[in-house]
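Chain letters run A, B, ... following the sequence lines, proteins first, then strands; residues in each count from 1.
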2 protein chains.
Amino acid sequence: MAAKKPSTIDLAHFCPKYENAVQTLGKRWTPLIIRALLGGSRRFTEISDYIGAISDRLLSERLKELERAGVVEKRVFPETPVRIEYVLSAKGLELQGVVEAIQRWADRWAAAGEAAATPGRS
Amino acid sequence: MAAKKPSTIDLAHFCPKYENAVQTLGKRWTPLIIRALLGGSRRFTEISDYIGAISDRLLSERLKELERAGVVEKRVFPETPVRIEYVLSAKGLELQGVVEAIQRWADRWAAAGEAAATPGRS
DNA sequence: CAGGATCCTCTTTGATACTG
DNA sequence: CAGTATCAAAGAGGATCCTG
């Protein structure tokens, strides 16, 4: 079993936009980065601290991806030493709805099906 | 650079629920599987056809993960040959909000920042 | 501070083949 | 039909060292 037939069920489904979005947002750390930036512009180290366990390499990589996707903007302040801040673009800000939807779902179903779960804040 | 300071920004942020949800939903193919099942119960092959490029091994793996997470239920009909259908649980059905949020975002920002993009349906 | 460059390891994925 | 088993290749992730 592996052949790809044209499919039996109606395919009013193929949605490159959705798949694209999922691919952009679904990578590891990305949702956390978005969440970190919803609070306003942040510096590299702040985001890193916020997330905690991410490596510099990955954070750098994700930020670049998000920049390319037009979700995040990078602001460079020519001070000394240079200060750099990341902020959500208009496109990025609208992700708040997605983040909230996930949050609501997570809150509602916390521990329902998984381990007893930690009382952790939401 | 790697030290973990208590962080400068306020951390009313640590949210295991959100992270958990993201981890469950963020794996490759999962969002597509959810989407496939929002249309009702589907058989293994139907989901496979719907998604198109997923391998049996992966689909099987994802379905089991989703079952464990309480998002999907497996129905076995003791016919001959046996028929098996997958359907979203109550918990899974509530993911519609998440899917829609992503969908709205994707539609609004299609191709804004990425390649010209295909005209593909949403 | 804000990363870039490397190296190396652990997963994930995708073919393929086989089963009840 | 509905998977499971196996395996090799690809990719993601982490740690470390190094700049401007």
Contacts of A:Glu100 meeting salt bridge (Lys or Arg N to Asp or Glu O under 4.0 Å) (sequence neighbours excluded), chain-then-number -> none
Enumerate donor-acceptor pairs with a distance under 3.5 Å from any side-chain N or O in residues 79-87 of chain A to protein atoms, sequence neighbours excluded.
residue, atom, partner, partner atom, Å
A:Glu79, OE1, A:Arg83, NE, 3.2
A:Glu79, OE2, A:Arg83, NE, 3.3
A:Glu79, OE2, A:Arg83, NH2, 2.7
A:Arg83, NH1, A:Glu85, OE2, 2.8
A:Glu85, OE1, A:Ser41, OG, 2.7

Heavy atoms only, 4.0 Å cut-off, all strands: where does A:Phe77 land among base, sugar-phosphate and nothing? nothing
Please check the phosphate of D:dG3 (OP1 and OP2 only) for any side-chain N or O of B:Tyr86 closer than 4.0 Å. yes
What's the angle between the local helix axes at either end of the helix from C:dC1-D:dG20 to C:dG20-D:dC1, using five pairs per end and rounding to 10 degrees? 50°
For residues 69-78 of chain A, which side-chain N or O atoms pair as donor and acceptor with protein atoms under 3.5 Å away, sequence neighbours left out?
none

B:Glu61: partners by salt bridge (Lys or Arg N to Asp or Glu O under 4.0 Å), with sequence neighbours left out: B:Arg57
Under a 3.5 Å distance rule, please check whether B:Arg42 uses its side chain to pair with a backbone N or O of B:Ala36 as donor and acceptor. yes
Polar-atom pairs under 3.5 Å, protein N or O versus N or O of nucleotides 6-13 of chain C: list them with distances, or write none.
residue, atom, partner, partner atom, Å
C:dT13, OP2, B:Arg62, NH1, 3.4
C:dT13, OP2, B:Arg62, NH2, 2.7
C:dT13, O3', B:Arg28, NH1, 3.4

Residues forming a side chain to side chain contact (heavy atoms under 4.5 Å, CB included) with B:Thr30, sequence neighbours excluded: B:Lys27, B:Ile34, B:Arg62, B:Leu66
Does C:dA2 have its OP1 or OP2 closer than 4.0 Å to a side-chain nitrogen or oxygen of A:Thr45? yes
Taking side chain to side chain contact (heavy atoms under 4.5 Å, CB included) as the definition, give me every residue that meets it alongside A:Gln23, ordered by chain and number, with sequence neighbours left out. none
Are any of B:Lys64's side-chain N or O atoms less than 4.0 Å away from OP1 or OP2 of D:dT4? yes
Checking B:Val98 now: which residues fulfil side chain to side chain contact (heavy atoms under 4.5 Å, CB included) with it, not counting sequence neighbours? A:Ala101, A:Ile102, A:Trp105, B:Leu95, B:Ile102
